[in-house]
Protein chains: 2
Amino acid sequence: MQTLSTEDYLKAIYHVSQSSSGAVATTSIAKQIGAKPSSVTDMFKKLSDQNLVKYQKYQGVSLTNEGVKTALRIIRKHRLWESFLVSHLNFNWDEVHQVAEQLEHIQSEKLTNELERFLDYPTHDPHGDPIPNRALFMKTYNKILLNELPVNKEGVCVGVKDNSSNFLRYLDRRQIGIGTPLQVLHREDFDDSLHIQAGKSTLMITIKIAENIYVKP
Amino acid sequence: MQTLSTEDYLKAIYHVSQSSSGAVATTSIAKQIGAKPSSVTDMFKKLSDQNLVKYQKYQGVSLTNEGVKTALRIIRKHRLWESFLVSHLNFNWDEVHQVAEQLEHIQSEKLTNELERFLDYPTHDPHGDPIPNRALFMKTYNKILLNELPVNKEGVCVGVKDNSSNFLRYLDRRQIGIGTPLQVLHREDFDDSLHIQAGKSTLMITIKIAENIYVKP
DNA sequence: TAACAAATTTAGATATATCTAAATTTTATT
DNA sequence: AATAAAATTTAGATATATCTAAATTTGTTA
Ligand SMILES: [Mn+2]
Ligand SMILES: [Mn+2]
Ligand SMILES: [Mn+2]
Ligand SMILES: [Mn+2]
């Protein structure tokens, strides 16, 4: 059986490998997990012994098929729990991550599958991230960052790149959430700021904000 | 912060101290937890350092006020989760214990309190055990064991003493559960077996069964 | 009460996880 | 290509948890 730490490593490797190509480097995981590189090396060896990653000294790791499956099972649980917390327990989308970080380690297939049924088979979590189904398949749709949306083209917010409380609460204050219609009215070349239409209100956001909002055109 | 193991020890000490008087002995906890007495001694020292138990060498432990509170907080979570699993996730009462054993360690006051609200402030878990409320107060009612119920006196099943899957499934097969009306029709002195009325059916049970069913007269 | 048995504690071994600092390998730069 | 810088690994230290076996204390019985 996996230790809690093992599971967090697999998840971290999965996420890093999604956002970059090639093998996953020791330091990138060290940063993500908050551990020293030497500890990461130890874990890489351990995971390699269990055939969850392919590891070559000095060359980083990549997940094996079994490793991907294990990571997706944790991510599935994480996102299902986040959905539950928001939809039934009055959590705000910026409060769920820390708790889901614990709940994702609960070992019970029946629990996971029944939770999924209870939530009526959600496909996306409160941050717009796709939830792997029982077969670990995820429905992903074409999404682009808000700053890539052509001026005056209509889009809908379908997710966020940055999941930090700070950013999510900023969006709350601007009344931007999953499902909010978004449109770029004007792009100010001088400072890269954007004039946007968000739902019924128009407002001004910086490029940094726009780079963390996913929209479906 | 508590380690998972610490929490299980506190819970074990609480339960043992409920079912016996005086200090809690090293071996009794060793049996409950499935550890060696020497390990238990180590933990007793650790808990004592944290002022969660009063410990005197060779004399066992007793929980301090803080220790009782900590134990009750875990028990509160355990029983709330058991209730959730049965009421919303299609778990049977004999399947919930192992999962609740994990869920009880999730650290989030908001989660616990919102779960309680979501379940509409239940006072008892699926086994009839009382759930401590937010102030850690438990509603207990007068209950006796079925074998102490006078012949022909009417009672209602309000709990079970043995929580094992084996026993709970036995009760399922006999259609005895929380709320089932029970009555002792005849007590066979020769082998201490009992003829009982359970709901609409009459059946015969051994003394061992009767000693594990709580009834409210 | 002396002697034995049972319970408990202590001492020391083993296993695991993570760190620091040194050594090694890879990558980038001149 | 040689050298410097960065990344990674190794070696060894520290901390924690749990065990076995021996020593100690307590409880029981002749
Ligand atoms: Mn986690
Ligand atoms: Mn999420
Ligand atoms: Mn537990
Ligand atoms: Mn219970």
Side-chain angles (χ1 to χ4, degrees), chain A residues 1-13 15-17 19-63 67 70-71 74 101-102 104-105 107, chain B residues 1-13 15-17 19-63 67 70-71 74 101-102 104-105 107:
Chain A
M1 203 196 69
Q2 251 65 254
T3 157
L4 184 145
S5 177
T6 312
E7 299 191 335
D8 283 335
Y9 268 87
L10 285 173
K11 205 166 49 119
I13 295 168
H15 283 135
V16 171
S17 70
S19 60
S20 64
S21 64
V24 172
T26 308
T27 2
S28 60
I29 297 301
K31 260 176 218 146
Q32 182 102 354
I33 297 268
K36 299 292 160 184
S38 56
S39 307
V40 175
T41 300
D42 285 345
M43 182 58 87
F44 280 2
K45 287 177 185 165
K46 205 167 104 184
L47 292 174
S48 179
D49 289 344
Q50 298 178 249
N51 285 312
L52 294 167
V53 302
K54 201 159 76 69
Y55 170 52
Q56 271 205 299
K57 257 198 204 178
Y58 295 100
Q59 305 302 316
V61 291
S62 59
L63 291 169
T70 310
I74 318 285
E101 203 55 46
Q102 300 173 59
E104 69 190 358
H105 302 289
Q107 309 264 350
Chain B
M1 204 196 68
Q2 250 65 252
T3 157
L4 185 145
S5 178
T6 313
E7 299 191 336
D8 283 335
Y9 267 87
L10 285 173
K11 205 167 48 124
I13 296 168
H15 283 134
V16 171
S17 70
S19 61
S20 64
S21 64
V24 172
T26 307
T27 4
S28 60
I29 297 300
K31 261 176 217 144
Q32 182 101 355
I33 297 267
K36 300 292 160 183
S38 55
S39 307
V40 175
T41 300
D42 285 345
M43 181 58 88
F44 280 3
K45 287 176 184 165
K46 204 167 106 184
L47 293 174
S48 179
D49 289 343
Q50 298 179 248
N51 284 311
L52 294 166
V53 303
K54 203 159 74 72
Y55 170 52
Q56 272 205 295
K57 255 198 203 178
Y58 295 100
Q59 305 302 318
V61 291
S62 59
L63 291 170
T70 309
I74 319 285
E101 203 56 45
Q102 301 174 59
E104 70 189 358
H105 302 289
Q107 308 265 349

Contacts of B/Gln56 meeting side-chain hydrogen bond (donor to acceptor under 3.5 Å, both in side chains) (sequence neighbours excluded), chain-then-number -> none
Could I get the full list of side-chain hydrogen bond (donor to acceptor under 3.5 Å, both in side chains) partners for A/Glu101, not counting sequence neighbours?
->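 Partners of A/Glu101 by the side-chain hydrogen bond (donor to acceptor under 3.5 Å, both in side chains) criterion, ordered by chain and then number, come out as A/Lys11, A/His97.
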Mind checking B/Tyr55 for me? I need base, sugar-phosphate or nothing, with any heavy atom below 4.0 Å counting as a touch.
->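 Answer is sugar-phosphate: B/Tyr55 comes under 4.0 Å of backbone atoms only.
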N/O contacts under 3.5 Å, protein versus nucleotides 2-4 of chain C?
none

side-chain contact (heavy atoms from CB on, under 4.5 Å) between A/Glu104 and A/Asp8, intermediate numbers included = CA-CA 9 Å; A/Glu104 69 190 358; A/Asp8 283 335; 3.1 Å; yes
[X] [atom1] - [N] [atom2] separation (whole Å):
{"X": "B/Asp8", "N": "D/dT18", "atom1": "CG", "atom2": "C1'", "result": "15 Å"}
{"X": "B/Met43", "N": "C/dT9", "atom1": "CE", "atom2": "C1'", "result": "16 Å"}
{"X": "B/Phe44", "N": "C/dT10", "atom1": "CZ", "atom2": "C1'", "result": "16 Å"}
{"X": "B/Asp49", "N": "D/dA17", "atom1": "CG", "atom2": "P", "result": "12 Å"}
{"X": "A/Ile29", "N": "C/dT18", "atom1": "CD1", "atom2": "C1'", "result": "17 Å"}
{"X": "A/Gln56", "N": "C/dT25", "atom1": "CD", "atom2": "P", "result": "15 Å"}
{"X": "B/Lys46", "N": "C/dT9", "atom1": "NZ", "atom2": "C1'", "result": "18 Å"}

Could you check if a side-chain atom of A/Gln32 sits within less than 4.5 angstrom of a side-chain atom of A/Ile13, using non-hydrogen atoms only?
->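 A side-chain contact under 4.5 Å is absent here.
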Heavy-atom distance under 4.5 Å between the side chains of A/Lys45 and A/Thr41, does that happen here?
-> yes
Taking it one step at a time, do A/Leu52 and A/Leu10 satisfy side-chain contact (heavy atoms from CB on, under 4.5 Å)?
-> CA-CA 8 Å; A/Leu52 294 167; A/Leu10 285 173; 4.0 Å; yes
Under 4.0 Å from OP1 or OP2 of [N]: is there any side-chain N or O of [X] that close?
{"X": "B/Lys45", "N": "C/dT10", "result": "yes"}
{"X": "B/Lys57", "N": "C/dT10", "result": "yes"}
{"X": "B/Ser5", "N": "D/dT18", "result": "yes"}

The side chain to side chain contact (heavy atoms under 4.5 Å, CB included) partners of B/Ser28 (sequence neighbours excluded) come to B/Val16, B/Val24, B/Ala25
Under 3.5 Å, which protein N or O atoms sit close to an N or O of nucleotides 19-23 of chain D? Give each pair with its distance.
unit_1, atom_1, unit_2, atom_2, d
D/dC19, OP2, B/Lys36, N, 3.3
D/dC19, OP2, B/Ser39, OG, 2.4
D/dT20, O4, B/Ser38, OG, 3.0

Without swapping roles, check the side chain of A/Gln102 against the backbone of B/Gln107 for a donor-acceptor pair under 3.5 Å.
-> yes
Summary of ring pair (Phe, Tyr, Trp, His ring centres under 6.0 Å) pairs that have at least one residue in residues 20-49 of chain A, sequence neighbours excluded =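 Only A/Phe44-A/Tyr55 qualify under ring pair (Phe, Tyr, Trp, His ring centres under 6.0 Å).
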